[in-house]
Amino acid sequence: MFKLDPIKKMNEEERLKYMNMLLKSQLSSEKDDIANLSNASAIIMACVERLNWAGFYILRDGELVLGPFQGLPACNRIGIGKGVCGTAVKTKEIQLVPDVHQFPGHIACDEASNSELVIPIIKEDRVYGVLDLDSPEKGRFTELEKEYFIKFVNILNEYIDWNNV
Ligand code: SME
């Protein structure tokens, strides 16, 4: 059972640390990758405020395909170089977008989204997909969150067998 009560009293950094601790605890107690990615997206939604979508797109046969997530139903497939997620894959760079309406080619899956943080999932120089976070608030994502989500993806890389997801 996840203990979420302590979060209420925590500041931003304590919550992010707690999120990564919960992730590690989930991944070290379960081997199934789909169960782990599903709970990973639920852990984000439980620990980080003011998000409307959090989840994964997995790279399959040259395009991104929707994976486990929390939020409204979303686009099933995104081409490499398309939207914020496809750009993160093409450039292999984190995309911290304060206003998605200013991002050329942004794909509006949920019209409530106004800002976005996308972390490419890269292991041994190969891209396996992205972690995508959306917020209804413009300028929502901070550099501190970016750092903790890089750690989040590093923890995933320790445990998830991306070739079999
Ligand atoms: N906005 C994303 C598409 C995915 S949804 O936000 C869940 C993009 O432009 O890549």
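As the structure lists them, so they are numbered: ligands from 1, and atoms in each ligand from 1. The residues of the chain are indexed from 1 along the displayed sequence.
Of all the listed residues (Val89, Val130, Ile107), Ile107 holds the heavy atom that lies closest to atom 1 (N) of ligand 1.
Residue, atom and distance of the protein heavy atom nearest to atom 8 (C) of ligand 1 are Val84 N, 3.3 Å. Nearest protein heavy-atom neighbour of atom 4 (C) of ligand 1: Asp132 OD2, 3.4 Å.
Of the N or O atoms in Asp134, one or more lie within a sub-3.5 Å distance of an N or O in ligand 1.
Contact atoms of ligand 1 toward Ile78: 3 (C), 4 (C) (distance under 4.0 Å to a heavy atom of the residue). Of all atoms in ligand 1, listed by their number and element, those nearer than 4.0 Å to a heavy atom of His106 are 1 (N), 9 (O). Counting the atoms of ligand 1 from 1 in the order shown, those under 4.0 Å from a heavy atom of Trp53 are 7 (C). Within ligand 1, the atoms closer than 4.0 Å to a non-hydrogen atom of Gly83 are 9 (O), 10 (O), numbered from 1 in the order shown. Proximity to Tyr57 (heavy-atom distance under 4.0 Å) selects the following atoms of ligand 1: 4 (C), 7 (C). Residue-ligand proximity, Glu116 to ligand 1, at heavy-atom distances under 4.0 Å covers atoms 1 (N), 2 (C), 6 (O), 8 (C).
Between Phe69 and Trp53, the angle of the ring planes stays under 30°, which puts this pair in the parallel group of the 30/60° scheme.
For Trp162 and Asp33, the side-chain atoms include no donor-acceptor pair closer than 3.5 Å.
The parts of Cys85 lying near ligand 1 are both backbone and side chain, judged by heavy-atom distances below 4.0 Å.
By the 6.0 Å contact criterion, CD on Glu111 is open, its count of non-hydrogen atoms from other residues, nucleotides or ligands being 12 or less.
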